[in-house]
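Structure first, commentary second.
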Amino acid sequence: MTKERLYLFDTTLRDGAQTQGVQFSADEKRQITAVLDKLGIDYIEGGWPGANPTDTEFFADVPETRATMTAFGMTKRLGRSAENDDILAGVVNAGTSAVCLVGKSHDFHVTTALGIALEENTENLRASFAYLKERGREGLFDAEHFFDGYKANPAYALEAIHAAYDAGARWIVLCDTNGGTLPHEVTEIVTAVIASGIPGDHLAIHTHNDTENAVSNTLAAVMAGCRQVQGTLNGLGERCGNANLTTLIPTLLLKEPFASQFETGVSLDALKGLRKASRMLDDILNRVPAKQAAYVGASAFAHKSGLHASAIAKDPSTYEHIDPASVGNSRIVPMSNQAGQSNLKARLADAGIEVELGNPALARIVERIKEKEAQGFSYDTAQASFELLAREELGTLPDFFEVKRYRVTIERRKNKRGKMVSLSEAVVVTKVNGERFLNVSESQGPDGSDQGPVNALSRALSKDLGPYQQYIEDMQLVDFKVRITNGGTEAVTRVIIDSEDGQGRRWSTVGVSANIVDASFDALVDAINWKLIRDGAKV
């Protein structure tokens, strides 16, 4: 059976940049472009040349890609020809082989937002796409508010998209701009559009996630006939985001009936880099990855229940819908006071520790975990701390270094400009192979602001560990979470710290104390010990 070609269009650099708090630099856009191109995306929308300095800089030096680089803009304005519209000219002059122009397809927006007659909008659409065709560009009509427009006035919505299509637009992009359309409506409307005379292999679907249906709406559109899928990495986008390509791509490649019916530019081998691509974007944005994200999240293949872990050990398909490795992810069997020896054995095996069922140490580890969690610890998410606890009970925990003492000071004073500022400083004394190390570190960010006592401790602890320093040079603290487990005067603080290294490994450690600094320091020490073990450091 010959598969139909399904095209993937990424708009992370344009629509994703409209996410609140997101601001890409031109260099970051090029970095993301390289990852998308390697993944196998067919079209990469780079932004709107001329609309802002960043996009202008990006298009002034567009990276070479296998993917079709696309510039975004808007259709010509009333009262001027396409040839004499300076905004349209700026987009065309970017020199990309494909150009996506946004225009109105909802009569309400034409008469209210634009304040022009319907026939004038139709002519603007026709003239704009005829202009692109004359210049040999692949035109995409971003039919803004199409689904709402069709529901309000189907005759005009169809008139608008047919004007662009008949003038030479290669793709008609059906946009659910407000994100309120539901899957059954998408199916009905896409079917009607195809029946009106625009074939599915000229239709694209662009959905927003305001009802948590962006992925479902996209899949419904594909089943109804659309052959181009638009979305963003990690679902970036205005308001609630766009259709998430990190969910759509593996669904299209691995799930039926899509896997048998369609082929995309993403190979099964390239799909293994999906989680890495997702993490790269989060790193650029300095965001904490969503643990429960489908396919690529840290918890996407986490099995906490002892019953589940027992079944997983026999056959992973009992509780996993795909092989985690197919998207670059991995299985996690968390440890908690709900867990039994099946969880424990499986989790130890993942850490490279083989222990036979029935070994009395397993029961001791389970009991110790339950005792620790009763004190406020949580090993459900702190996998690295769990591994260290288990190794200690098994007598296989190396003694790399000893912390003799530490001190943290926080000073608040006026600077030379008379502004109140804070400065954290930490002193950590360690003993390694009988040698004493004293390290001092302040905590200042790139802008000179104080990053807090935990950051100062982290820097001081990892500043010089003698023979082990080479193993921890690429470590960084990437997330810090605090929870008060008991209220009142006997409050206990639980700290979870996420660390990451140059290999892209991410691990979590936990510390618990009535003192938040003590809890944080214990988690930091665990993080370094885990790293040393995993990198093969010797005592």
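FYI, the numbering just counts along the sequence from 1.
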Less than 4.5 Å apart, side chain to side chain, heavy atoms only: is that true for [X] and [Y]?
{"X": "Leu461", "Y": "Phe521", "value": "yes"}
{"X": "Val492", "Y": "Gln375", "value": "no"}
{"X": "Trp507", "Y": "Met475", "value": "yes"}
{"X": "Pro63", "Y": "Phe58", "value": "yes"}
{"X": "Glu371", "Y": "Phe377", "value": "no"}
{"X": "Arg505", "Y": "Asp535", "value": "yes"}
{"X": "Arg287", "Y": "Thr19", "value": "yes"}
{"X": "Met280", "Y": "Ile32", "value": "yes"}

Between Glu45 and Thr11, is a side-chain hydrogen bond (donor to acceptor under 3.5 Å, both in side chains) present by the stated rule, with each step listed?
CA-CA 5 Å; Glu45 191 173 55; Thr11 182; 2.5 Å; yes
Test side chain to side chain contact (heavy atoms under 4.5 Å, CB included) on Gln261 and Val222 and set out the steps.
CA-CA 11 Å; Gln261 186 176 345; Val222 170; over 6 Å; no
Could you check whether any side-chain N or O of [X] sits under 3.5 Å from a backbone N or O of [Y], counting only pairs where one atom can act as donor and the other as acceptor?
{"X": "Asp142", "Y": "Val102", "value": "no"}
{"X": "Ser458", "Y": "Val454", "value": "no"}
{"X": "Asn217", "Y": "Thr181", "value": "yes"}
{"X": "Ser260", "Y": "Pro257", "value": "no"}
{"X": "Asn329", "Y": "Tyr295", "value": "yes"}
{"X": "Arg494", "Y": "Gly376", "value": "yes"}
{"X": "Asn209", "Y": "Asn213", "value": "yes"}
{"X": "Lys29", "Y": "Phe24", "value": "no"}

[atom1] ([X]) with more than 12 external heavy atoms under 6.0 Å:
{"X": "Arg483", "atom1": "CZ", "result": "no"}
{"X": "Gln23", "atom1": "CD", "result": "no"}
{"X": "Glu64", "atom1": "CD", "result": "no"}
{"X": "Glu402", "atom1": "CD", "result": "yes"}

[X] and [Y]: which non-hydrogen atoms are nearest, and at how many Å?
{"X": "Ala67", "Y": "Asp37", "result": "N-OD1, 2.8 Å"}
{"X": "Pro467", "Y": "Gln470", "result": "O-NE2, 3.5 Å"}
{"X": "Thr509", "Y": "Ala384", "result": "CG2-CB, 3.7 Å"}
{"X": "Ile528", "Y": "Ser462", "result": "CD1-CB, 4.4 Å"}
{"X": "Gly225", "Y": "Ile194", "result": "CA-CD1, 3.8 Å"}
{"X": "Tyr379", "Y": "Glu373", "result": "N-OE2, 3.0 Å"}

Measuring from atom [atom1] of [X] to atom [atom2] of [Y], what distance do you get when rounded to the nearest 0.5 angstrom?
{"X": "Leu281", "Y": "Gln31", "atom1": "CG", "atom2": "CD", "result": "9.5 Å"}
{"X": "Glu392", "Y": "Arg368", "atom1": "CD", "atom2": "CZ", "result": "4.0 Å"}
{"X": "Leu524", "Y": "Tyr406", "atom1": "CG", "atom2": "OH", "result": "9.5 Å"}
{"X": "Lys531", "Y": "Gln503", "atom1": "NZ", "atom2": "CD", "result": "5.5 Å"}
{"X": "Ile533", "Y": "Leu397", "atom1": "CD1", "atom2": "CG", "result": "5.5 Å"}
{"X": "Leu254", "Y": "Leu271", "atom1": "CG", "atom2": "CG", "result": "5.5 Å"}

Distance-only donor-acceptor check, side chains [X] and [Y], under 3.5 Å:
{"X": "Asn234", "Y": "Ser278", "value": "yes"}
{"X": "Tyr471", "Y": "Asp501", "value": "no"}
{"X": "Thr218", "Y": "Thr207", "value": "yes"}

Knowing that exactly one of [options] qualifies, which makes a side chain to side chain contact (heavy atoms under 4.5 Å, CB included) with [X]?
{"X": "Ile44", "options": "Arg66, Arg14, Met69", "result": "Met69"}
{"X": "Phe146", "options": "Asp176, Val173, Ile189", "result": "Ile189"}
{"X": "Tyr468", "options": "Leu465, Asp464, Ile472", "result": "Leu465"}

Given side chain to side chain contact (heavy atoms under 4.5 Å, CB included), test Ile41 with Ile249 step by step and report yes or no.
CA-CA 10 Å; Ile41 299 297; Ile249 292 173; 3.9 Å; yes
Just do the ring-ring contact (aromatic ring centres under 6.0 Å, His included) check on Phe147 and His206 with the steps written out, would you?
CA-CA 10 Å; Phe147 288 96; His206 180 113; over 10 Å; no
Should Ile322 and Phe301 be marked as a side chain to side chain contact (heavy atoms under 4.5 Å, CB included) after you check the CA-CA gap, both sets of side-chain angles, and the distance that decides it?
CA-CA 9 Å; Ile322 64 163; Phe301 301 96; 3.7 Å; yes
Does Gln451 form a side-chain hydrogen bond (donor to acceptor under 3.5 Å, both in side chains) with Arg459? I'd like the steps, not just the answer.
CA-CA 11 Å; Gln451 294 188 316; Arg459 290 183 180 185; 3.2 Å; yes
Worked check of side-chain hydrogen bond (donor to acceptor under 3.5 Å, both in side chains) between Thr12 and Asp10
CA-CA 6 Å; Thr12 303; Asp10 180 275; 2.8 Å; yes
Checking side chain to side chain contact (heavy atoms under 4.5 Å, CB included) for the pair Tyr43/Thr65: CA distance, chi angles, key distance, verdict?
CA-CA 10 Å; Tyr43 294 81; Thr65 59; over 6 Å; no
Looking at Trp171 versus Phe9, is the centre-to-centre ring distance below 6.0 Å?
no
Does Arg5 form a salt bridge (Lys or Arg N to Asp or Glu O under 4.0 Å) with Asp42? I'd like the steps, not just the answer.
CA-CA 11 Å; Arg5 186 65 159 88; Asp42 296 294; 2.7 Å; yes
Show, in sequence, the C-alpha distance, side-chain angles and deciding distance for Arg30 and Asp27, and conclude whether the salt bridge (Lys or Arg N to Asp or Glu O under 4.0 Å) test is met.
CA-CA 5 Å; Arg30 294 186 184 99; Asp27 285 340; 3.1 Å; yes
